[in-house]
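Working notes, structure below.
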Amino acid sequence: MTLLGSRVGGRQLIGEYDGAYWHREPAKVLTDVRKTADLLAAGYLVVRLREDDLPPLEINSTRYLEIRVYSAAPSHRKPWRKSHHGWAS
């Protein structure tokens, strides 16, 4: 989990990169859902970059954004920087 320096709409932005190796198992998916729910309840905006072969998390919130990334991509930084522009403002 990364606490980003950005504030969007007055809220702090939290981000996490979910790699398929660690986040594939059902127990890990449940952990991801619970952690995200806790962050949302605390008032944060949450962005998760999830590798393309992971299932989407079942989270319904206007303060949650999930972005598909590809493990073969050279860098996750570009979608990370673009992730919150125009969102939740």
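Predicted model only: the values in this text are computed from it and were never measured.
Apart from Tyr21 itself, the hydrophobic cluster it occupies contains Trp22, where clustering links Ile, Leu, Val, Met, Phe, Trp and Tyr at side-chain heavy-atom distances under 4.5 Å. Listed by chain and number, the hydrophobic cluster partners of Leu30 come to none, as no ILVMFWY side chain reaches under 4.5 Å of it.
Between Val33 and Ile59 the shortest heavy-atom distance is CA-CD1, 4.3 Å.
Between the side chain of Arg50 and the main chain of Pro55, a donor-acceptor pair closer than 3.5 Å is present.
One distance of note links NZ of Lys28 with OG1 of Thr31; it measures 6.5 Å at 0.5 Å rounding. In this structure, Glu16 CD and Leu39 CG are separated by 8.5 Å, a value rounded to the nearest 0.5 Å. For the atom pair CG (Leu40) and OH (Tyr64), the distance works out to 8.5 Å, reported to the nearest 0.5 Å. Here CD1 of Ile14 is found 12.0 Å from CG of Asp38. Values are rounded to the nearest 0.5 Å. Atom CD1 in Ile67 sits 14.0 Å away from atom CG in Asp52 (nearest 0.5 Å). Taking CD of Glu66 as the reference point, atom CG of Leu49 lies at 9.5 Å (rounded to 0.5 Å).
Take Ala20 and apply the side-chain contact (heavy atoms from CB on, under 4.5 Å) test, not counting sequence neighbours, and it matches Arg24, Glu51, Asp53, Leu54.
The side-chain heavy atoms of Leu57 and Arg48, taken from C-beta on, include a pair separated by under 4.5 Å.
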side-chain contact (heavy atoms from CB on, under 4.5 Å) for Val46 and Leu65? Distances and angles first, verdict last.
CA-CA 6 Å; Val46 180; Leu65 180 63; over 6 Å; no
